[in-house]
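Note that the structure is predicted; figures quoted are calculated from it, not measured. For the single chain, residues carry numbers from 1 onward in sequence order.
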Amino acid sequence: MSGFPGLSFLGPKSKNAVVAGGLTAFVFGVYFYTMKAVGGTDELQMAIDKFEDQKQVETNPKVPSKV
């Protein structure tokens with residue numbers, strides 16, 4: 001297997017950098033496509049915010065305590 005003819009003039013470190021850049025671009029592309037496809041909502045963050053709001057209501061009693 002001869003590889004890619006366009007990369008034959010590059011050194012080994014340069015080839016590694018080109019491959020790493022291509023893989024990184026692919027991964028970011030898949031991530032952003034997936035976020036766009038699902039609407040970009042972070043369900044975990046929404047659940048955490050709801051829990052924090054609920055916890056805040058429970059810790060703040062409606063009747064003030066007498067000191």
Side-chain angles (χ1 to χ4, degrees):
M1 180 151 64
S2 64
F4 295 103
L7 297 177
S8 62
F9 66 91
L10 295 174
K13 287 186 179 182
S14 298
K15 288 179 188 177
N16 287 343
V18 169
V19 171
L23 290 174
T24 302
F26 174 76
V27 168
F28 278 117
V30 169
Y31 173 78
F32 286 116
Y33 172 78
T34 304
M35 288 296 111
K36 183 179 176 186
V38 299
T41 59
D42 189 1
E43 294 176 1
L44 180 59
Q45 187 61 46
M46 290 172 45
I48 291 170
D49 292 341
K50 184 177 178 182
F51 175 75
E52 290 290 330
D53 292 340
Q54 194 175 33
K55 186 171 78 171
Q56 201 171 39
V57 169
E58 291 174 358
T59 57
N60 293 334
K62 294 178 182 174
V63 179
S65 61
K66 295 181 181 181
V67 179

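Both F28 and M35 sit in one connected hydrophobic cluster of ILVMFWY residues. Membership requires side-chain heavy atoms under 4.5 Å apart, directly or through other members.
Taking Ile, Leu, Val, Met, Phe, Trp and Tyr as members and joining any whose side-chain heavy atoms lie under 4.5 Å apart, directly or through other members, the hydrophobic cluster of L23 also contains V19.
Shown here are the side chain to side chain donor-acceptor pair (under 3.5 Å) partners of D49, two or more places apart in sequence or in another chain: Q45. For F9, the side-chain contact (heavy atoms from CB on, under 4.5 Å) test picks out no residue, with sequence neighbours left out. Remark: V30 pairs with F26, T34 by the side-chain contact (heavy atoms from CB on, under 4.5 Å) rule, at least two apart or across chains.
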